[in-house]
Amino acid sequence: MYPFNSDRPYIRNAWYMAAWGQEISRQPFERTIMDEPIVFYRKENGEPVAMFGLCPHRTHPLRDGRLIGDDIMCPYHGFTYNPQGACVRIPAQDSLPRNFRQRIYPLIERGGAIWIWMGRTEQADPDLMPALAEIGMGVSGWKTVDNGLTSIKARWSLVIDNVMDLSHVGFLHLKTIEAPAAGDTAPSDEADERIRCIRMMTDQSADMPYARQAFPENVEPLDIEIGSIFHGPGLIVTFLRFHTAASRGARRLLGISNHLQGVTPASPHATHDFSGIVRNVRLDSVEFDDWLRTAVIKTREEDVEALEKIEPLVDRYANARSELSGVGDVSAIRVRRQLAALLAQEEAA
């Protein structure tokens, strides 16, 4: 499946964002991940639960079910399941066969988000979680702004390509981000523990909209790093790092705004894109929060339009081996290779 040789549509053995923490409550709700309907709710102690979302009795959606303590009851015939997936009640029946069970998905709540493991339960390893502290999530002196979820009718690999090559910011987002230098600045690519693609845009105007919002008192030009860091199949972080201009003296870091992209496959041709901003700039500014949310929505709309135009064409016309690539694609191609290796590893298991 483009751009990989494998026919496997997903990498399952990884942690993916399933929801923002505030989405999950005592009211069950359903979200499809990797073509599997999953019902989410919280136990009475606040712990989140993720269960296969269709009752195995007659396939009724459990999102319409009722919570009885920590258990969920199917509204169709009253079959009831506990948070471990075991059927604990069948009306008018005393015996409860052991094979009457629901799949339960491992969850981790961290950084204000709920992370799900879609692979084999026994292989769920908390040590494989993305290093959220590296980007400031849950760290003192940083603020996380939840920008919700965007549904994209395009495969997850296209969304990853999009955020690993930010040269498109200078073209696709020219009207919203207003950073034309992003398209013409050659990137610096790194591939050690993380795959990174970074562009340093020097002597940027203090009136660039993002810079003006982040540093309203500043009148001096800035050197702005814009880049992407690959943390795994489920998380890519794009960022802006604002520096004083080296042309005016020793360069000094003023602040960082990390844009997290939680990329979670919904189906082979659709993706949940969770968006949030983690910053150490203007932490108490509600005005900046609102501006960032509006800016993200506008740029997401531009990304969605482009990706949804590409998706129906790639299986018929695209060929990863012969397609044109430029200097801006180095990191994206490295990521593709890493993803292909993970797909092959799961295929061989």
So, do Tyr10 and Trp156 sit near enough that their side-chain heavy atoms are less than 4.5 Å apart?
-> yes
Side chain proximity check, Trp15 to Ile116, heavy atoms < 4.5 angstrom | no
Any side-chain heavy atom of Arg66 sitting closer than 4.5 Å to one from Ile72?
-> no
Report yes or no: do Leu342 and Tyr2 belong to one cluster of Ile/Leu/Val/Met/Phe/Trp/Tyr joined by side chain heavy-atom distances under 4.5 Å?
-> yes
Contacts of His243 meeting ring-ring contact (aromatic ring centres under 6.0 Å, His included) (sequence neighbours excluded), chain-then-number -> none
Rounding to 0.5 Å, atoms OG1 (Thr244) and CG (Asn218) come to a distance of 9.5 Å
Which residues share a ring-ring contact (aromatic ring centres under 6.0 Å, His included) with Phe79, sequence neighbours left out = His57
Are Asp223 and Thr202 close enough that a side-chain donor and a side-chain acceptor fall under 3.5 Å?
-> no
Heavy-atom check, side chain of Pro28 versus side chain of Leu62, under 4.5 Å = no
Taking the side chain as every heavy atom from C-beta outward, state whether Leu54 and His60 have any pair of such atoms under 4.5 Å apart.
-> no
Looking only at heavy atoms, the pair that brings Gln102 and Pro56 closest together is OE1-CD, 3.1 Å
Who pairs with Arg155 by salt bridge (Lys or Arg N to Asp or Glu O under 4.0 Å), at least two apart in sequence or on another chain?
-> Glu311, Asp315
In plain terms, say whether Glu302 and Lys298 are close enough for a salt bridge, that is, a side-chain N and a carboxylate O under 4.0 Å apart.
-> no
NZ/NE/NH1/NH2 to OD/OE distance under 4.0 Å, Glu323 and Arg336 = yes
Check against side-chain contact (heavy atoms from CB on, under 4.5 Å), His231 and Arg194 = CA-CA 7 Å; His231 284 259; Arg194 308 262 184 270; 3.6 Å; yes
Of all the heavy-atom pairs spanning Gly148 and Trp20, show the shortest one and how long it is.
-> O-NE1, 3.2 Å
For Glu30 and Gly53, the nearest pair of non-hydrogen atoms, with its separation, is OE1-O, 4.2 Å
Are Asn258 and Trp142 close enough that some pair of their side-chain heavy atoms sits under 4.5 Å apart?
-> yes
Check the hydrophobic clustering (I, L, V, M, F, W, Y; side-chain heavy atoms under 4.5 Å; chains of links allowed) and say if Met200 and Val237 are grouped together.
-> no
Residue pair Phe230 / Ile236: nearest heavy atoms and the distance that separates them | CD1-CG1, 3.8 Å
Got a salt bridge between Glu346 and Arg120, using NZ or NE/NH1/NH2 to carboxylate O under 4.0 Å?
-> no
Take Trp115 and Leu132, measure what side-chain contact (heavy atoms from CB on, under 4.5 Å) needs, and give me the verdict at the end.
-> CA-CA 12 Å; Trp115 303 81; Leu132 302 183; 3.8 Å; yes
Side chains of Gln22 and Asp146, donor plus acceptor under 3.5 Å | yes
Where at least one partner belongs to residues 90-107, residue pairs that pass salt bridge (charged side-chain N to carboxylate O under 4.0 Å, His left out), sequence neighbours excluded = Glu36-Arg103
Ser247 and Asp203: side chain donor to acceptor below 3.5 Å = yes
Check the pair Arg248, Glu220 against salt bridge (charged side-chain N to carboxylate O under 4.0 Å, His left out), reporting the backbone distance first and the verdict last.
-> CA-CA 9 Å; Arg248 304 295 180 97; Glu220 300 293 330; 2.6 Å; yes
Same cluster for Val304 and Val296 if Ile/Leu/Val/Met/Phe/Trp/Tyr side chains link at under 4.5 Å?
-> no
For residues Asn147 and His259, is any side-chain donor paired with an opposing acceptor at under 3.5 Å?
-> no
Test Ser167 against Arg199 for side-chain contact (heavy atoms from CB on, under 4.5 Å), laying out the working first.
-> CA-CA 9 Å; Ser167 64; Arg199 290 171 169 82; 3.5 Å; yes
With sequence neighbours excluded, tell me which residues meet salt bridge (Lys or Arg N to Asp or Glu O under 4.0 Å) with Asp329.
-> none
How about Asn82 and Asp71: does a side-chain donor come under 3.5 Å of a side-chain acceptor?
-> no
Does the pair Leu235 and Met17 meet the rule for a side-chain contact (heavy atoms from CB on, under 4.5 Å), with working shown?
-> CA-CA 8 Å; Leu235 180 65; Met17 276 190 69; 5.6 Å; no
Shortest non-hydrogen contact from Arg42 to Ile24?
-> NE-O, 2.8 Å
pair Thr80-Cys74: side-chain heavy atoms closer than 4.5 Å = no
Residues passing the ring-ring contact (aromatic ring centres under 6.0 Å, His included) test with Phe29, sequence neighbours excluded, are Phe40
Ring centroid separation Trp291 to Tyr210 under 6.0 Å = yes
Using a strict cut-off of less than 4.0 Å between a Lys/Arg side-chain nitrogen and an Asp/Glu carboxylate oxygen, indicate whether Lys143 and Asp284 qualify as a salt bridge.
-> no
To the nearest 0.5 Å, atom CG of Asp125 lies from atom CH2 of Trp117 at 6.5 Å
So do the side chains of Thr264 and Thr271 get within less than 4.5 Å of each other, counting heavy atoms only?
-> no
Which heavy atom in Arg241 sits nearest to a heavy atom in Ile229, and how many Å separate them?
-> NH2-CD1, 4.1 Å
In terms of ring plane angle, is the pair Phe215 and Phe242 parallel, tilted or perpendicular, where the classes change at 30° and 60°?
-> perpendicular
